[in-house]
Structure formats: structure tokens, C-alpha cells
Amino acid sequence: YPTLFDMTKLCKDLTYMQGLEYYHILERTKSPRIIKSHLHWSLLPEEIRNGTKQPKIIVILRNPEDTCVSLYYFSQSAEGYKGSFQDFCKLFLAGRVCFGPFWKQVMSYWNERHRSNILFITYKDMKNELPAVIKTVANFLGKSITEDQLTKLTEHLSFESMKKNPTVNYEEGLQYAKYDGTATVRSDFLRSGKVGGYKSEMSSEMIAKFEAWTKQNNEETGLDLH
């Protein structure tokens, strides 16, 4: 995929990101493992794609407008992006951002929704109905949880709690980008956590372009991210 930055330069001091070391770390990690990935479905191991191996896969989806805004701020904080927000939106629509094009990435998984080992959840549902999502995920993983555990998980997984959690807030990575000179603007990795926040960031003209683009790419797919 096209990128806005050179990963070898950004991670030159992070030895675990060099070469195949990252994959060796995964190989050494004992099962059960949790592996976060932005890979297109076609880039997953062949055994997963042909069904020989069926690990539990949870796909988290977010509307493209909020995704674009979030990626814009992250690209400034960690990937050295120096352009305007307007230009970034154009790059996003053209599929010229990291892990783009957006709809090809999303549809690569949505087209596999018939598989019983894949669960789809949305950012919107996690924000609006977190306890229900937790129950859905637990059921998908074959786990039972008590009401007390559900209460604790709901608090632990809230946006406000995760924003303060150093294991997920990427604070160390953003600090590295700042001192390395990669960051052009300092912004938190977990920034606002709002659904529909793009409405205060994008112009009405840009929102209209996103709506037309979504209709063109998402018509008759049965997928609604708004």
C-alpha cells in the first residue's frame, strides 16, 4: 500500500521493529495470543484464508469520516505528516494513506462474514452499548462472565480509562516520535473518542464528498457504519 512515511527511518532505533524480529516475537509468544493487525484479508496466512486454521478474528469497524480524522491526527503525531487536513482528506478518499484504500480494506473482511470464526463490531456500538458488546465478544470467545466482571470490564474498557492506560495509549511511542523529530504536531493517541466528531472537523463540501464516495463503494453491501 502507498504510505506517507518511511518506516525504516521512523523505527531505526526500535530494534524489535527491524527485519523479522517482530514476527519472531509473535512466534515465541505462547497461546492463547492476541494479535492486533491492520492487514488486508489477502495478506493473512493462507491457512486462515483457506479455512485450514480458524482462529477467532474480531474485526472492528468505524465510519470512514471519523477514521480519516483520527488517522490525520495520528499521522501528524507519529508519521511526520506536514500537510493540511483538507489535503489529507483528499489522500484518504484516493486511498493514498497507510492501510488504504479504506473500502477495499473493509470489504476484504466483510466479504468473509459468512465465516463462523469472524465477529464484526463497530466503534459506535462500543461507545454506545459497551456492556452489550462485551457480552457479545465473551460469547464469541466461548467465555462466561458474571455481572460483577461485566461491571469491572465496562469501567476498564471505557474510553476514559483506556486513555489513561499506558499499555494502550501509545504514550511511549508518541514521546519517541516527538524526540525523534517525526511528530509535526503533538496529539494523544486516544484523542476524543467521539462518534461523529468529524462533523466539527470537515467542511460541508468534504462531508458531501465522503457521502458520495461511501455510496459508490458501499451500495448494496448491507454494511452500515453510520
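Remember, predicted model here, so these are calculated numbers, not experimental data.
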| More than 12 heavy atoms from other groups under 6.0 Å of NE2 on His226 | yes

- [ ] Check whether more than 12 heavy atoms from other residues, nucleotides or ligands sit under 6.0 Å from atom NZ of Lys56, and answer yes or no.
- [x] yes

Value rounded to 0.5 Å, distance of [atom1] in [X] from [atom2] in [Y]:
X      : Y      : atom1 : atom2 : value
Asn117 : Lys53  : CG    : NZ    : 13.5 Å
Leu153 : Ser161 : CG    : OG    : 10.5 Å
Lys124 : Asp66  : NZ    : CG    : 10.5 Å
Leu157 : Ile134 : CG    : CD1   : 5.0 Å
Met107 : Phe102 : CE    : CZ    : 8.5 Å
Glu65  : Leu225 : CD    : CG    : 9.0 Å

Do you know the tightest heavy-atom contact between [X] and [Y]?
X      : Y      : result
Gly196 : Asn63  : N-ND2, 4.5 Å
Thr154 : Pro131 : OG1-CG, 3.8 Å
Glu155 : Ser158 : O-OG, 2.9 Å
Phe85  : Val69  : CZ-CG2, 3.8 Å
Trp103 : Pro64  : CZ2-CG, 3.9 Å
Ser116 : Phe140 : O-CE1, 3.6 Å

Next on the checklist: Does Asn50 form a side chain to side chain donor-acceptor pair (under 3.5 Å) with Thr52? I'd like the steps, not just the answer.
Outcome noted: CA-CA 6 Å; Asn50 65 24; Thr52 303; 2.6 Å; yes

Is it true that a side-chain atom of [X] and a backbone atom of [Y] form a donor plus acceptor pair closer than 3.5 Å?
X      : Y      : value
Ser70  : Thr67  : no
Arg115 : Arg49  : yes
Gln105 : His38  : yes
Thr221 : Asn218 : yes
Asp125 : Val133 : no

Is there a side-chain contact between [X] and [Y] (heavy atoms, below 4.5 Å)?
X      : Y      : value
Val97  : Tyr81  : no
Val106 : Asn217 : no
Leu150 : Glu147 : yes
Trp110 : Val59  : no
Cys89  : Lys209 : no

(request) Can you label the angle between the Trp41 ring and the Tyr109 ring as parallel, tilted or perpendicular, going by 30° and 60°? (result) perpendicular

- Report the relative orientation of the aromatic rings in Trp213 and Phe92; use parallel for angles under 30°, tilted for 30 to 60°, perpendicular for over 60°. perpendicular

task = For the pair Met126 and Ile60, evaluate side chain to side chain contact (heavy atoms under 4.5 Å, CB included) and give the outcome as yes or no after the intermediate values.
result = CA-CA 9 Å; Met126 288 193 293; Ile60 303 175; 3.5 Å; yes

